[in-house]
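This report concerns only the one structure given below.
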Amino acid sequence: MDAKQFRVDFKRILSCAFLVAIVAAFLCAGSVPKLDLTNPASHKLSDFVPEIMSACACGNAPKGTGEQGWHLANPVSYENMTVFPIVAGRDSDTSAFATLDEALASGDAMVTEQGNYLRRTRNSGAHPAGGAQVNELVLVNRGKRPLLLLAGEVVSGGKQDRIIGKDRIVPVGAEPLPLDVFCVEHGRWTGGSDKFAAAKTIVKPSVREEAAFNQDQQKVWAAVRGENEPQTGTGRGVSAGSASQTVTVTEAAPALSTSQVQSVIVTEATSQSYKKIYESDRVAPRVESFAHEIEKRFNRARKDMKGERVVGVVVAYGGEVAWGDAFASSELFEAYWPKLLRSYVVEALTRPTTRENASFDDARDFLRPASGHVREESEPGIYRWSERTEGNESEIELEALRPKEMLLHWMKATMR
């Protein structure tokens, strides 16, 4: 074969190879272009690059779900609880924000009864702001960083323990802020001091749900007492493989039943304080033992996540994917993880016991953004809060607008 013939044959081979690559790319995208197959050499690369780039993302698609680039790592399970880590390839910088616990502990934030709050004047005078109310507190951010508040965080003290009712950001130098709160201590309305301290506690998901999504004080109290949890074991048929095959999953009574909670209230938490119930001598050891086992397995799983950062979790109880929390950074997640974990564990102890585990596909579907009705609130230049409901799922997003726009916290629940 002479050199000229070799060049001709080589060009034909390259043309055919290019055609195969083009067809493969469009097959990946689900459509094949109409090409003149009789003369593949007549097509130039520049003719197809735009179509390929817009139609096919094979091998280059981000692993994440939605705009955040989040995806799930392998889950860890213990008893009736499964935790799916939410991971991201990179972190946002959230160092500009302070958490409520650290701000209260350092004195950078002050929370007090609205009725007893004294507003200082230029002459150091003061005047009361009105009568104390169950669902009214005042927060002052005296620190140098914006303050992040999460729905469900407990503040202890005053006339009753309360929980924050809504995610929000409190900017530096803001006016004293009236807070949306719910009481989680039904039987007390006295206190030596009107100041509140960091409780380092987030209430269990069923209580957070009633506060953040349903905004119902009576249901919050009922959830604290465990009255909205299923308590009796039932056998359930679950389809597996074909209509003729079923697997019966038996749910036993919860490890912490309503009657047991009521007993703790009578003997150790007469004010029906959430903290006193679930941190009592009869409950706390079970919570800590359960949390320790989950944390041990969770940390072991993290060692396999090379180069990726855990920014949140999706949590399932038995076969039900029930809750999710995620943050803009792994640093922020780590700050909240200890008390989030214990809140999930308390929920697990009050749910029926089963060895059934939720599927990875169900958890991945749960992570996808809801597309239903949207309700939004915002403080210009500070934050944007939005709630979206689709079917029995509701999610809340808190977006910071400064120092740059970022999704600071995402929370999602399967409503019951």
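Note that the numbering runs from 1 along the sequence shown for the chain. Predicted, not measured: the structure shown is a model, and the values here were computed from it.
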Discussion item. side-chain contact (heavy atoms from CB on, under 4.5 Å), that's the test. Do Val287 and Leu349 meet it? Break it down for me.
Written reply: CA-CA 8 Å; Val287 173; Leu349 290 171; 3.7 Å; yes
Worksheet entry | side-chain contact (heavy atoms from CB on, under 4.5 Å) between Thr258 and Thr350, intermediate numbers included | CA-CA 8 Å; Thr258 297; Thr350 59; over 6 Å; no
Worksheet item: So Thr353 and Glu79, side-chain hydrogen bond (donor to acceptor under 3.5 Å, both in side chains) or not? Walk me through it.
Response: CA-CA 7 Å; Thr353 301; Glu79 298 294 343; over 6 Å; no
Item to complete: Begin from the C-alpha positions of Leu408 and Leu332 and carry the test side-chain contact (heavy atoms from CB on, under 4.5 Å) through to its verdict.
Response: CA-CA 9 Å; Leu408 206 56; Leu332 208 51; 4.1 Å; yes
Practice prompt. Check the pair Val310, Ile86 against side-chain contact (heavy atoms from CB on, under 4.5 Å), reporting the backbone distance first and the verdict last.
Written response: CA-CA 6 Å; Val310 179; Ile86 300 173; 6.0 Å; no
Worksheet entry | Phe298 and Trp337: CA distance, side-chain angles, deciding distance, ring pair (Phe, Tyr, Trp, His ring centres under 6.0 Å) verdict | CA-CA 11 Å; Phe298 193 78; Trp337 175 234; 4.8 Å; yes
Practice prompt. Could you please spell out the steps behind the side-chain hydrogen bond (donor to acceptor under 3.5 Å, both in side chains) verdict for Ser92 and Ser329?
Written response: CA-CA 5 Å; Ser92 296; Ser329 71; over 6 Å; no
Fill in: Derivation of the side-chain hydrogen bond (donor to acceptor under 3.5 Å, both in side chains) call for His71 and Glu308
CA-CA 10 Å; His71 64 282; Glu308 294 184 308; 3.0 Å; yes
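Every pair tested for salt bridge (charged side-chain N to carboxylate O under 4.0 Å, His left out) that includes a residue from residues 252-271 fails, sequence neighbours excluded, so the list is empty. Within the structure, the salt bridge (charged side-chain N to carboxylate O under 4.0 Å, His left out) test picks out the following pairs touching residues 309-330 (sequence neighbours left out): Asp91-Arg309, Arg208-Asp325, Glu320-Arg351. Sorted by first and then second residue, the pairs that involve residues 210-225 and meet salt bridge (charged side-chain N to carboxylate O under 4.0 Å, His left out), not counting sequence neighbours, are Arg225-Glu227. Screening residues 80-89 for salt bridge (charged side-chain N to carboxylate O under 4.0 Å, His left out), with sequence neighbours left out, gives no hits.
The closest side-chain donor-acceptor pair between Ser386 and Glu399, if any, does not fall under 3.5 angstrom.
A search for side-chain hydrogen bond (donor to acceptor under 3.5 Å, both in side chains) contacts involving Lys339 returns Asp101, Glu153, not counting sequence neighbours. In this structure, the ring pair (Phe, Tyr, Trp, His ring centres under 6.0 Å) partners of Tyr274, at least two apart in sequence or on a different chain, are Tyr278. Asp93 pairs by the side chain to side chain contact (heavy atoms under 4.5 Å, CB included) definition with Ser95, not counting sequence neighbours. Arg282 meets the salt bridge (charged side-chain N to carboxylate O under 4.0 Å, His left out) test with no other residue; sequence neighbours excluded. Scanning for side chain to side chain contact (heavy atoms under 4.5 Å, CB included) contacts around Ala73 gives Pro85, Val87, Met305, with sequence neighbours left out. In this structure Glu405 satisfies the side chain to side chain contact (heavy atoms under 4.5 Å, CB included) test together with Leu401, sequence neighbours excluded. Glu209 meets the salt bridge (charged side-chain N to carboxylate O under 4.0 Å, His left out) test with no other residue; sequence neighbours excluded. When the ring pair (Phe, Tyr, Trp, His ring centres under 6.0 Å) test is applied to Phe84, no partner is found at least two apart in sequence or on another chain.
Side-chain N or O atoms of Ser106 include one that pairs as donor or acceptor with a backbone N or O of Glu102 at under 3.5 Å. In this structure a side-chain-to-backbone donor-acceptor pair under 3.5 Å is missing from Asp108 to Leu104. Looking at Asn141, its side chain does come within 3.5 Å of a backbone N or O of Val170 through a donor-acceptor pair. A donor-acceptor pair under 3.5 Å is formed between the side chain of Gln160 and the backbone N or O of Arg188. In this structure, Thr201 contributes its side chain and Ala199 its backbone to a donor-acceptor pair below 3.5 Å. Panel note: side chain Gln217, backbone Cys183; a donor-acceptor pair is recorded below 3.5 Å. Formation of a donor-acceptor pair under 3.5 Å by the Glu334 side chain with backbone atoms of Glu331 is not found in this model. Looking only at distances, a side-chain donor or acceptor of Asn80 sits under 3.5 Å from a matching main-chain atom of Ala348. In this structure, Arg297 contributes its side chain and Val76 its backbone to no donor-acceptor pair below 3.5 Å.
Comment: Glu113 does not engage Lys159 in a salt bridge, judged by the lack of any side-chain N to carboxylate O separation of less than 4.0 angstrom. Salt bridge Glu288/Arg342: present, at least one basic N to carboxylate O contact under 4.0 Å. Under 4.0 Å is where a charged nitrogen must lie from a carboxylate oxygen, and between Glu395 and Arg375 no such pair does. Salt bridge Glu295/Arg300: absent, no basic N to carboxylate O contact under 4.0 Å. The pair Arg168-Glu377 fails the salt-bridge criterion, with no side-chain N (NZ, NE, NH1 or NH2) lying under 4.0 Å from an Asp/Glu carboxylate O.
Taking the ring axis of Phe366 as reference, the NZ or CZ atom of Lys412 stays within 45° of it and closer than 6.0 Å to the ring centre.
Annotation for Lys275: atom NZ counts as buried by contact number, over 12 foreign heavy atoms lying within 6.0 Å. Counting heavy atoms of neighbouring residues, nucleotides and ligands inside a 6.0 Å radius, atom CZ of Arg402 does not exceed 12 of them.
Here the CG atom belonging to Leu149 is positioned 9.0 Å from the OH atom belonging to Tyr383, to the nearest 0.5 angstrom. Atom CG of Asp362 is separated from atom CG of Leu367 by 13.0 Å, given to the nearest 0.5 angstrom. Note that CZ of Phe327 is 4.0 Å distant from NE2 of His409, once rounded to the nearest 0.5 Å. Taking OG of Ser289 as the start and CD1 of Ile294 as the end, the distance is 11.0 Å to the nearest 0.5 Å. To the nearest 0.5 Å, atoms CG (Asn357) and CE (Met81) are separated by 12.0 Å.
Inter-residue side-chain proximity for Val140 and Leu177 is flagged as unmet; no heavy-atom pair is nearer than 4.5 Å.
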